[in-house]
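A quick write-up on the structure given underneath.
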Amino acid sequence: KTKMVRSNGYRCNTRDLFSRPFRASGVPSLSSYLTTFKIGDYVDIKAHSAIHKGMPHKFYHGKTGIVWNVTPRAVGIEVNKTVGSRIMRKRIHVRTEHVQKSS
């Protein structure tokens with residue numbers, strides 16, 4: 001007999017990863033929309049679970065990258081990703097609600 005396999009969807013295992021802190025749920029503040037990003041800025045990818053549009057994959061949550069492209073509602077970020085034994089430079093577009101400037 002074959003057993004039913006466990007599904008691995010796009011947001012699997014994100015129960016705690018995307019959960020909002022206590023009393024911090026709801027829509028993001030206006031400052032997250034009004035922040036200006038320039039090419040070459042260092043940014044942290046931090047997915048905001050209330051906004052599903054333009055949300056990065058769970059792998060990139062907590063990663064730091066460099067802005068390489070700026071569009072009206074999103075930024076292009078270059079992030080390093082370890083694949084096997086090599087480090088690949090990945091370019092992803094993420095909406096500004098899921099990005100904050102790195103300190």
Side-chain angles (χ1 to χ4, degrees):
K1 274 190 158 182
T2 58
K3 292 186 178 180
M4 187 176 280
V5 293
R6 187 165 170 262
S7 64
N8 288 314
Y10 195 76
R11 287 182 63 165
C12 73
N13 306 326
T14 60
R15 180 179 183 157
D16 294 325
L17 188 74
F18 287 161
S19 66
R20 303 287 301 144
F22 180 60
R23 275 193 248 158
S25 57
V27 294
S29 61
L30 280 177
S31 61
S32 65
Y33 294 98
L34 298 173
T35 310
T36 55
F37 297 99
K38 294 175 183 168
I39 294 172
D41 284 353
Y42 280 86
V43 292
D44 297 326
I45 300 170
K46 190 177 174 187
H48 196 292
S49 56
I51 309 295
H52 299 153
K53 242 184 158 165
M55 185 187 276
H57 189 264
K58 64 184 177 187
F59 169 82
Y60 299 105
H61 182 80
K63 299 278 190 281
T64 303
I66 303 170
V67 175
W68 67 273
N69 186 24
V70 179
T71 62
R73 290 183 187 86
V75 288
I77 306 168
E78 213 167 59
V79 187
N80 288 333
K81 182 177 184 179
T82 306
V83 181
S85 60
R86 63 196 187 277
I87 297 172
M88 297 181 76
R89 211 165 45 224
K90 305 284 280 186
R91 286 183 157 191
I92 58 170
H93 278 92
V94 180
R95 278 178 80 114
T96 53
E97 299 94 14
H98 309 289
V99 172
Q100 61 188 28
K101 285 194 174 179
S102 187
S103 55

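- Of all non-hydrogen atoms in G26 and A50, the two that sit nearest each other are O-CB, 3.5 Å.
- Proximity of V99 to V67: side-chain heavy atoms (C-beta onward) are nowhere separated by under 4.5 Å.
- Scored by the side chain to side chain contact (heavy atoms under 4.5 Å, CB included) test, R23 finds no partners at all (sequence neighbours excluded).
- Annotation: side chain of K90 is not in contact with side chain of K63 (no heavy-atom distance under 4.5 Å).
- Side-chain contact between D44 and K46 is absent, with no heavy-atom pair separated by less than 4.5 Å.
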- [ ] Give the intermediate values and the outcome of side chain to side chain contact (heavy atoms under 4.5 Å, CB included) for residues N80 and R89.
- [x] CA-CA 5 Å; N80 288 333; R89 211 165 45 224; 3.8 Å; yes
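- Between the T14 side chain and the L17 main chain, no donor and acceptor come within less than 3.5 Å of each other.
- We find the NZ-CZ distance between K58 and F18 to be 8.5 Å, quoted to the nearest 0.5 Å.
- Shown here are the side-chain hydrogen bond (donor to acceptor under 3.5 Å, both in side chains) partners of Q100, two or more places apart in sequence or in another chain: there are none.
- Between the H98 side chain and the K53 main chain, a donor and an acceptor come within less than 3.5 Å of each other.
- Rounded to the nearest 0.5 Å, atoms NE2 (H61) and CE (M55) are 9.5 Å apart.
- With rounding to the nearest 0.5 angstrom, the CZ atom of F59 is 5.0 Å from the NZ atom of K81.
- Here OG1 of T64 is found 8.0 Å from CD1 of I45. Values are rounded to the nearest 0.5 Å.
- In terms of heavy-atom proximity, G84 sits nearest to T82 at O-CG2, 3.8 Å.
- Taking both residues in full, the closest heavy atoms of N69 and T71 are given as ND2-CG2, 3.9 Å, listed atom of the first, atom of the second, then distance.
- The number of heavy-atom neighbours closer than 6.0 Å to CZ of R73, taken from other residues, nucleotides and ligands shown, is 12 or below.
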Name each donor-acceptor pair under 3.5 Å that joins a side chain in residues 33-43 to protein atoms two or more places apart or in another chain, with its distance.
{"residue": "T35", "atom": "OG1", "partner": "S31", "partner atom": "O", "Å": "2.5"}
{"residue": "D41", "atom": "OD2", "partner": "K38", "partner atom": "N", "Å": "2.9"}

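- Counting heavy atoms from C-beta on, the side chains of R20 and H48 come closer than 4.5 Å.
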